[in-house]
Amino acid sequence: MGIWILNASLAAGGNELKKKHVFANGERIEQIVDAGEALPDTAGHTVIDAQGKLLAPGLIDMHVHLREPGFEYKEDIASGTRSAARGGFTTIACMPNTRPVIDTVETVQYVLNKAQTEGIVRVLPYGCITKNELGRELTDFDALKEAGVIGYTDDGVGVQSAQMMKDAMAKAASIGMPVIAHCEDNTLVEGAAVSEGAFARKHGLKGIPNESEAIHVGRDILLAEATGVHYHVCHVSTEQSVRLIRQAKQIGIKVTAEVCPHHLLLSDEDIPGMDANWKMNPPLRTPRDVQACIEGLVDGTLDIVVTDHAPHSEEEKARGMQLAPFGIVGFETAFPLLYTKFVATGQWTLEFLLDKMTKLPAQVFGLPWGTIEVGKTADLTLIDLETEKKVNPAEFLSKGRNTPFTGWSLKGWPTLTIVGGNVVWSE
């Protein structure tokens, strides 16, 4: 038995939508027909009337924190994948800064098995660059690749040693794997909770300077040039980083980069007070940095959008700006935020936003998903572009409630998510 999705609006270039009927048989898309033609024979199949809603490829998020193993009170694979499905995501890539960290074959297998038995979307794990993310000794890249990781990162901490990073890149390049870098020079950030800017000055706080990120970006670009690795920059947040990545691309260095919704929508000038739901790493930067990130995404310097979904408990976030952990949740608000702010206002086309969250993440990481085509995997998301709703963290499926977007009125809410031909979440 297959699924017919009738009267769906498919993106057809720019903001153009075309009404189609889509048939998924098993895990593949088998037919796409114009809705103007005679109604297809749906006998014996599940029928979903999209009623003109947008049918998009399942969203792909290449930077998430599922917290399992070790921090299940913040999130686990079951709750995290449900939250992702509600946000329209069908494929997510989880960071290895769990406890234990994902630096052995056993931990990779644990995550993959859990995702198989308890997860409802596709979970792709990253492996650590260094053992225990301590920056002292490389992990066994070959064994981790064999076990199923899709790249190497010490996300959460920057690799402080240039030699260690160069060795990691050389090894990854030799086996055709990417290195994904959290760029942060520890000597510049110790004891700081927010960006060096207006908010830090106003509250007498030590600030995290832009250079702490950009110094690593510049260093790593040179090392990527030397080693030929595919180098991917995590959660870009500064004007300097955008500039360096743009220059690197212009001279043909194999660098790709990502940006998060919050770094496109908020600056440190928006932080209302000492509320740790506004504390994330990288921190919210200046309006100039926000503009640079937007321009970088538009001109292709920044390739993709990711959420950096980072749930924490309410108790942890209640410790205040200085003591609370860094991070906000992102799955359930990412598409509505960007659709409302950039597409509904006419700054971006719908096609542009969808590409940055579907087709391009798949291309950057060599994944077979991210498009709606006959013969491709039936990973699909139905999205209501009209209904306006307010962000209410109490309704999140994530265990995390830590968001700065509470109360925002948004359009573009996912209403149905299909992974490999199976409905995994429905409003």
Side-chain angles (χ1 to χ4, degrees), residues 59 61 63-89 92 94-95 97-99 118-121 123 155-156 193-194 199 235 260-266 268 270-284 305-341 387-415 417 424-427:
L59 307 181
D61 190 347
H63 188 137
V64 319
H65 298 270
L66 295 178
R67 303 299 191 204
E68 187 175 7
F71 298 112
E72 288 83 357
Y73 68 95
K74 298 178 194 268
E75 190 83 285
D76 55 37
I77 288 166
S79 65
T81 56
R82 275 162 183 73
S83 177
R86 188 183 191 176
F89 293 94
I92 58 178
C94 62
M95 289 296 169
N97 56 340
T98 48
R99 285 294 175 272
E118 295 179 21
I120 62 168
V121 305
V123 175
D155 185 57
V194 294
F199 183 85
H235 42 49
C260 306
H262 44 276
H263 291 126
L264 299 168
L265 291 161
L266 301 171
D268 67 332
D270 297 311
I271 305 173
M274 300 295 275
D275 176 357
N277 286 323
W278 293 71
K279 178 180 181 180
M280 68 284 290
N281 190 9
L284 298 176
V305 170
V306 301
T307 66
D308 193 8
H309 175 80
H312 294 290
S313 71
E314 290 183 61
E315 294 73 32
E316 288 171 316
K317 279 296 190 180
R319 292 176 196 157
M321 194 64 95
Q322 201 61 45
L323 297 175
F326 291 97
I328 63 171
V329 291
F331 284 144
E332 297 175 54
T333 55
F335 188 86
L337 281 167
L338 296 175
Y339 177 79
T340 304
K341 165 75 179 181
T387 307
E388 198 161 306
K389 285 195 315 193
K390 285 192 170 165
V391 175
N392 179 4
E395 295 174 354
F396 286 172
L397 295 184
S398 171
K399 291 182 184 181
R401 303 279 182 265
N402 45 310
T403 176
F405 298 110
T406 302
W408 283 39
S409 269
L410 305 174
K411 293 179 175 179
W413 295 96
T415 60
T417 305
V424 296
W425 177 81
S426 178
E427 195 176 42

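Values below: all heavy atoms of this structure, side chains included; hydrogens, waters and symmetry mates excluded. None of these values were measured; they are calculated from a predicted model.
- Relative orientation of the His63 and His235 rings is tilted, given thresholds of 30° and 60° on the angle between their planes.
- Relative ring orientation between Phe71 and Tyr73 is described as perpendicular, the plane-to-plane angle rising above 60° on a 0-90° scale split at 30° and 60°.
- Separation of atoms CG (Leu265) and CG (Leu338) is listed at 5.5 Å; rounding is to 0.5 Å.
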* Audit row: Val391, Leu410, side chain to side chain contact (heavy atoms under 4.5 Å, CB included) steps and yes/no -> CA-CA 7 Å; Val391 175; Leu410 305 174; 3.5 Å; yes
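- Formation of a donor-acceptor pair under 3.5 Å by the Lys317 side chain with backbone atoms of Thr403 is not found in this model.
- Of the possible polar contacts, one joining the Thr340 side chain to the Pro336 backbone as a donor-acceptor pair under 3.5 Å is found.
- Remark: Glu314 CD is loosely packed, at most 12 non-hydrogen atoms of other residues, nucleotides or ligands lying under 6.0 Å away.
- Between the side chain of Glu75 and the main chain of Arg67, no donor-acceptor pair closer than 3.5 Å is present.
- The two atoms that bring Ser409 and Glu388 nearest to each other are CB-OE2, 3.5 Å, heavy atoms only.
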* Asked: Yes or no on side chain to side chain contact (heavy atoms under 4.5 Å, CB included) for Trp425 and Arg82, after CA distance, side-chain angles and deciding distance?
  -> CA-CA 8 Å; Trp425 177 81; Arg82 275 162 183 73; over 6 Å; no
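- To the nearest 0.5 Å, atoms OG1 (Thr307) and CG (Asp61) are separated by 3.5 Å.
- Ile92 contributes atom CD1, which lies 8.5 Å from atom OG of Ser83 (distance to the nearest 0.5 angstrom).
- For Glu332 (side chain) and Ser398 (main-chain N/O), a donor-acceptor pair under 3.5 Å exists by modelled atom type.
- Side chain of Arg401 to backbone of Pro393: a donor-acceptor contact under 3.5 angstrom is found.
- With contacts defined as side-chain heavy-atom distances shorter than 4.5 Å, the pair Lys399/Pro311 does not qualify.
- Considering all non-hydrogen atoms of both residues, Ser313 and Lys74 come closest at N-CG, 4.3 Å.
- Of all the heavy atoms in Glu68 and Thr98, the pair that sits closest is O-CG2, 3.5 Å.
- Taking a 6.0 Å sphere around NZ of Lys389, one finds it holds more than 12 heavy atoms contributed by other residues, nucleotides or ligands.
- The two atoms that bring Pro261 and Ala334 nearest to each other are CG-CB, 4.1 Å, heavy atoms only.
- Between the Asn402 side chain and the Gly327 main chain, a donor and an acceptor come within less than 3.5 Å of each other.
- Counting all heavy atoms, side chain and backbone alike, Leu66 lies closest to Gly80 at CD2-CA, 3.9 Å.
- A donor-acceptor pair under 3.5 Å links the side-chain atoms of Thr81 to the main chain of Ile120, judged by distance alone.
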* Take Trp278 and Asp270 through the test side chain to side chain contact (heavy atoms under 4.5 Å, CB included) and record every step on the way to the result. => CA-CA 9 Å; Trp278 293 71; Asp270 297 311; 3.9 Å; yes
* Could you walk me through whether Met274 and Phe199 pass the side chain to side chain contact (heavy atoms under 4.5 Å, CB included) test, one step at a time? => CA-CA 10 Å; Met274 300 295 275; Phe199 183 85; 3.8 Å; yes
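- In this structure, a donor-acceptor pair under 3.5 Å is present between the side chains of His65 and Asp155.
- Side-chain atoms of Lys279 come within 3.5 Å of backbone atoms of Met321 as a donor-acceptor pair (strictly under, hydrogens ignored).
- Within the model, atoms CD1 of Ile328 and CG of Leu266 stand 7.5 Å from one another, a figure rounded to the nearest 0.5 Å.
- Under the 3.5 Å distance criterion, the side-chain polar atoms of His312 are matched with a main-chain donor or acceptor of Phe326.
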